[in-house]
Amino acid sequence: MTHQSEIKICGRFGLGFHGNRDVVLECIEKLVSVKPKSTVKINMSELDFIYPDGMNILTTLFVNLLFFQKCSIDIIHPQNRHVSEYFTLARCDAFFGSSDIDIEKIFKNSYKLKNFRYVDDYEIDKLLKVIKSELDFSDQVQSDLHEIFAELIMNTRDHSLSEYGCFLNAQTYPTTSRIRFSISDLGIGIKTHLSKKYQDWQDSETSWVIKMALVDGVSGTNFYNNSGAGLHTFENFVTCCGGEFIILSENGFYKKISTYTEHFGRKIEEEKFDLPFFYPGTLVCATIQAKPGVKIFKRDEDIPPEYRLLDL
């Protein structure tokens with residue numbers, strides 16, 4: 001095996017609110033540029049905090065290095081006790097200990113998509129019980145979150161073609177009544193999938209294709225119990241709750257922020273760009289306010305005009 005220089009992961013590792021996006025993107029670029037069958041030293045000793053999207057990014061990239069690139073990784077553990085504890089809670093501490101990592105143990109933490117059932121997934125219910133124990137929100141919000149998690153997992157199952165499943169992580173912030181969650185897979189990516197259906201999109205910017213994937217009917221197939229409208233339903237949910245969501249797929253980055261104040265009303269901000277490197281799959285993450293009684297809209301005609309996706 002050839003040796004690579006040390007890759008440092010530090011600070012507050014996450015793409016969204018309070019994270020350090022530029023550092024995370026630089027880290028991703030370095031990890032996806034590692035040559036096959038290399039030995040990689042990853043220094044996380046100065047990692048101060050890791051968000052769910054950061055955890056899923058590292059999990060996806062480490063699996064890509066170990067399983068697909070046949071690399072060996074040597075990890076210097078985080079010195080921060082809380083960060084180490086979160087790795088354990090997220091069942092990702094299997095990466096620690098030695099370069100001889102049991103990859104099958106990692107895959108046991110992923111959702112086996114072919115066995116996933118939309119309405120009665122035990123793992124989602126278990127996760128939501130933990131979230132609700134930390135935050136005071138209504139049964140309606142719990143039901144809505146179950147639907148969103150299920151939609152995102154179904155979206156991964158139906159479109160990513162990832163035979164290795166997906167990784168789902170979440171955190172709660174009781175002081176601000178916020179929830180942050182993320183799902184990541186090792187699938188074919190949004191543009192690759194949609195370009196099969198819309199062949200003239202093959203030469204389009206990846207970030208533009210991601211934006212189009214949020215439009216009603218573009219990637220979904222049916223609307224029974226909202227199923228088949230994964231990204232569209234997800235986008236409307238986050239917009240109506242107030243918060244932020246990010247999609248990273250292949251070499252495309254898309255972010256949307258929805259805020260509301262009594263003086264200025266609803267404000268929507270959007271950012272999209274293409275990257276000089278490719279993420280090995282798709283990452284979706286969101287931070288939302290845990291407000292009671294949020295309605296998940298099924299069709300554009302049900303959505304107030306100020307919530308709709310504009311300027312397509």
Side-chain angles (χ1 to χ4, degrees), residues 1-2 4 6-9 13-15 24-44 47 50-78 83-84 86-116 123 152-153 155-157 159-170 181-190 192-193 246-251 275 277-285:
M1 285 196 174
T2 59
Q4 297 284 330
E6 180 178 291
I7 296 175
K8 196 171 185 179
I9 299 172
F13 198 79
L15 289 172
V24 174
L25 291 177
E26 182 182 352
C27 174
I28 295 173
E29 184 173 14
K30 289 179 180 178
L31 287 170
V32 298
S33 300
V34 170
K35 295 179 180 179
K37 298 183 179 180
S38 299
T39 298
V40 189
K41 187 174 184 180
I42 299 172
N43 187 347
M44 295 198 291
L47 186 60
I50 187 163
Y51 295 95
D53 43 302
M55 181 67 73
N56 280 346
I57 287 169
L58 292 184
T59 301
T60 300
L61 293 174
F62 290 172
V63 168
N64 181 61
L65 285 172
L66 291 163
F67 194 79
F68 295 104
Q69 303 301 321
K70 307 298 181 184
C71 293
S72 175
I73 59 176
D74 180 16
I75 297 178
I76 299 177
H77 297 201
V83 175
S84 294
Y86 184 53
F87 269 93
T88 301
L89 287 171
R91 295 180 292 182
C92 292
D93 56 333
F95 289 117
F96 300 158
S98 83
S99 58
D100 185 22
I101 296 170
D102 183 2
I103 195 67
E104 293 302 322
K105 183 178 179 182
I106 303 301
F107 284 137
K108 286 179 182 177
N109 297 338
S110 68
Y111 278 91
K112 302 302 182 286
L113 299 176
K114 64 181 180 180
N115 298 326
F116 178 75
E123 288 295 329
L152 291 174
I153 295 171
N155 208 61
T156 301
R157 183 194 68 186
H159 304 310
S160 77
L161 305 181
S162 173
E163 62 179 298
Y164 301 105
C166 59
F167 298 94
L168 174 65
N169 269 297
F181 58 89
S182 172
I183 184 170
S184 183
D185 65 66
L186 289 126
I188 63 172
I190 292 173
T192 299
H193 170 71
I246 291 171
I247 301 176
L248 174 65
S249 184
E250 299 179 77
N251 68 321
L275 297 158
F277 59 87
F278 281 74
Y279 183 74
T282 296
L283 173 92
V284 177
C285 63

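Here, residue 1 is the first one in the sequence, and each next residue gets the next number. Not measured: the values here are computed from a predicted model.
- Once rounded to the nearest 0.5 Å, the distance linking CZ of Phe167 with CG of Leu186 reads 6.5 Å.
- Panel note: side chain Thr192, backbone Gly189; no donor-acceptor pair is recorded below 3.5 Å.
- Among residues two or more places apart in sequence or in another chain, the side-chain hydrogen bond (donor to acceptor under 3.5 Å, both in side chains) test is passed with Asn64 by none.
- With sequence neighbours left out, Glu26 forms a side chain to side chain contact (heavy atoms under 4.5 Å, CB included) with Lys30.
- Looking at residues two or more places apart in sequence or on another chain, you find a side chain to side chain contact (heavy atoms under 4.5 Å, CB included) between Phe277 and Leu25, Ile28, Glu29, Val32, Leu275.
- Closest approach of Leu66 and Cys71 over heavy atoms only: CD2-O, 3.6 Å.
- Taking CD1 from Ile190 and CG from Leu248, the interatomic distance works out to 9.5 Å, rounded to the nearest 0.5 Å.
- In this structure, CZ in Phe181 is found 6.5 Å from CG in Leu152, a value given to the nearest 0.5 Å.
- When side chains are defined from C-beta on, Ile50 does not count as touching Ile9, because their heavy atoms never get closer than 4.5 Å.
- The closest side-chain heavy-atom distance from Pro78 to Met44 is below 4.5 Å.
- Taking the side chain as every heavy atom from C-beta outward, Ile42 and Leu58 never approach each other to under 4.5 Å.
- Rounding to the nearest 0.5 Å places CE of Met55 at 6.0 Å from CG of Asn169.
- Relative to the ring axis of Phe67, Lys70 places its NZ or CZ within 45° and under 6.0 Å from the centre.
- The CZ atom of Phe278 sits 10.0 Å away from atom OG of Ser249, with the distance rounded to the nearest 0.5 Å.
- In this structure, CG on Leu31 lies 10.5 Å from OH on Tyr279, to the nearest 0.5 angstrom.
- The closest side-chain heavy-atom distance from Asp53 to Phe13 is not below 4.5 Å.
- Residues Leu15 and Ile57 meet the side-chain proximity criterion, which asks for heavy atoms closer than 4.5 Å.
- Between Ser184 and Thr60, the closest heavy-atom pair is OG-OG1, 2.8 Å.
- Taking both residues in full, the closest heavy atoms of Ser182 and Asn56 are given as O-ND2, 2.9 Å, listed atom of the first, atom of the second, then distance.
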